[in-house]
Amino acid sequence: SLKIANKIIELNNSNPSDFHSRSNIKKNLKDFHGAVEDGIKTLELTDMGMQIFALYDIYQILKTELQNDENLLSYYERILVILDKRAVDSYNATPQMNNQVSQNTIKVRRETSFRELMQILKICIELYLKKGMLDKADELIAQITKYEPKDLSQKFSNEMELKQKVFKLI
């Protein structure tokens with residue numbers, strides 16, 4: 001299966017489904033680093049719909065198989081860069097006037113992008129705190145919270161800022 005998947009990607013390396021399939025094959029073969037790399041490539045190439053599945057698969061591998069890996073923080077940082085770009089794209093999207101479907105779609109994309117960012121950001125902050133990198137955690141909070149949809153009412157940014165203050169006092 002892996003040889004076939006490699007050949008398919010060799011012929012066309014722009015299809016996210018092929019990378020996602022190969023990621024699953026590598027996961028089954030216990031090549032967790034390779035599975036995460038292909039999962040990240042899937043995120044780079046994919047649209048919002050497939051992104052949710054790819055992100056979940058990567059998260060499960062990182063959480064269960066690579067939770068103590070020396071590259072864990074690096075993987076999460078790479079994922080944040082991709083999700084941040086998606087958030088910027090959805091944040092900057094402007095729906096056509098009088099097009100309710102477009103407005104609703106953009107709203108859902110903004111909220112989905114932000115929720116995914118929140119999940120990964122929380123993990124990164126915890127990893128930064130374990131390494132004593134509080135400034136990097138502050139920097140990430142500032143970067144990500146600028147995309148927070150108004151209807152989420154600053155809940156996330158307030159929660160993260162409070163958490164940071166507590167850790168700085170400790």
Side-chain angles (χ1 to χ4, degrees), residues 1-96 99 101-128 130-131 133 136-137 139-141 143-144 146-149 156:
S1 297
L2 183 58
K3 287 181 183 180
I4 294 169
N6 287 339
K7 186 65 176 174
I8 290 170
I9 289 173
E10 184 181 309
L11 295 171
N12 177 9
N13 65 358
S14 62
N15 186 341
S17 295
D18 295 338
F19 281 95
H20 190 252
S21 294
R22 188 169 75 175
S23 175
N24 285 326
I25 292 167
K26 288 180 178 181
K27 182 176 102 179
N28 290 333
L29 293 172
K30 307 282 188 235
D31 175 7
F32 300 115
H33 291 280
V36 169
E37 289 295 336
D38 281 346
I40 290 173
K41 186 65 176 176
T42 302
L43 286 178
E44 290 172 357
L45 296 173
T46 193
D47 63 5
M48 184 70 73
M50 188 173 190
Q51 174 179 312
I52 293 168
F53 294 111
L55 187 59
Y56 177 78
D57 290 345
I58 296 169
Y59 175 71
Q60 289 304 311
I61 293 169
L62 293 175
K63 182 177 156 189
T64 59
E65 303 299 337
L66 299 176
Q67 72 270 19
N68 296 317
D69 190 83
E70 64 185 32
N71 297 316
L72 185 64
L73 184 56
S74 173
Y75 287 136
Y76 279 118
E77 288 173 332
R78 289 172 56 202
I79 293 166
L80 271 178
V81 168
I82 296 165
L83 295 180
D84 185 50
K85 183 183 179 322
R86 287 276 159 75
V88 169
D89 292 346
S90 68
Y91 188 78
N92 290 332
T94 51
Q96 297 175 352
N99 186 342
V101 174
S102 244
Q103 291 174 351
N104 288 338
T105 299
I106 288 172
K107 180 182 178 206
V108 167
R109 285 186 180 162
R110 284 179 182 162
E111 289 175 1
T112 302
S113 293
F114 186 74
R115 285 193 172 101
E116 290 171 348
L117 281 168
M118 283 192 314
Q119 181 182 10
I120 302 301
L121 179 62
K122 285 180 181 181
I123 294 166
C124 279
I125 288 172
E126 289 174 14
L127 292 171
Y128 284 135
K130 285 180 184 177
K131 292 184 176 209
M133 301 168 68
K136 184 67 176 172
E139 186 181 306
L140 279 177
I141 291 170
Q143 174 189 350
I144 302 301
K146 65 185 172 191
Y147 306 117
E148 184 173 18
F156 175 72

*Can you run down the salt bridge (charged side-chain N to carboxylate O under 4.0 Å, His left out) pairs that involve residues 30-39, sequence neighbours left out, and say none if there aren't any?*
Arg22-Asp38, Lys26-Asp38, Glu37-Arg78
*Might you confirm whether atom CG of Leu2 has over 12 heavy atoms from other residues, nucleotides or ligands at distances under 6.0 Å?*
yes
*Tell me the salt bridge (charged side-chain N to carboxylate O under 4.0 Å, His left out) pairs involving residues 1-14, sequence neighbours left out?*
Lys7-Glu10
*Pairwise distance OG(Ser23) to CG(Leu43) - rounded to 0.5 angstrom*: 9.5 Å
*For Leu72, what residues pass the side chain to side chain contact (heavy atoms under 4.5 Å, CB included) criterion, not counting sequence neighbours?*
Leu62, Tyr76, Leu127
*Using a 4.5 Å cut-off on heavy atoms from C-beta on, say whether the side chain of Phe19 contacts that of Ile40.*
no
*At what distance, to the nearest 0.5 angstrom, does CD1 of Ile120 lie from OH of Tyr59?*
7.5 Å
*Keeping the roles fixed (side chain from Asn13, backbone from Ile9), state whether a donor-acceptor pair exists under 3.5 Å.*
no
*Partners meeting salt bridge (charged side-chain N to carboxylate O under 4.0 Å, His left out) with Glu44 (sequence neighbours left out)*: Lys41
*Not counting sequence neighbours, which residues clear side chain to side chain contact (heavy atoms under 4.5 Å, CB included) with Lys27? List them please.*
Phe32, Ala35, Ile61
_Can you tell me how far apart CD1 (Ile58) and NZ (Lys63) are? Round to the nearest 0.5 Å._
15.0 Å
*Under 3.5 Å, is there a donor-acceptor pair between the side chain of Thr42 and the main chain of His20?*
yes
*Verify side-chain contact (heavy atoms from CB on, under 4.5 Å) between Asn15 and Leu45, making sure each step is shown before the conclusion.*
CA-CA 7 Å; Asn15 186 341; Leu45 296 173; over 6 Å; no
*How would you list all residue pairs meeting salt bridge (charged side-chain N to carboxylate O under 4.0 Å, His left out) that involve residues 67-76, not counting sequence neighbours?*
none
_Point-to-point distance, once rounded to the nearest 0.5 Å, from CG of Leu80 to CD of Gln119_ = 11.0 Å
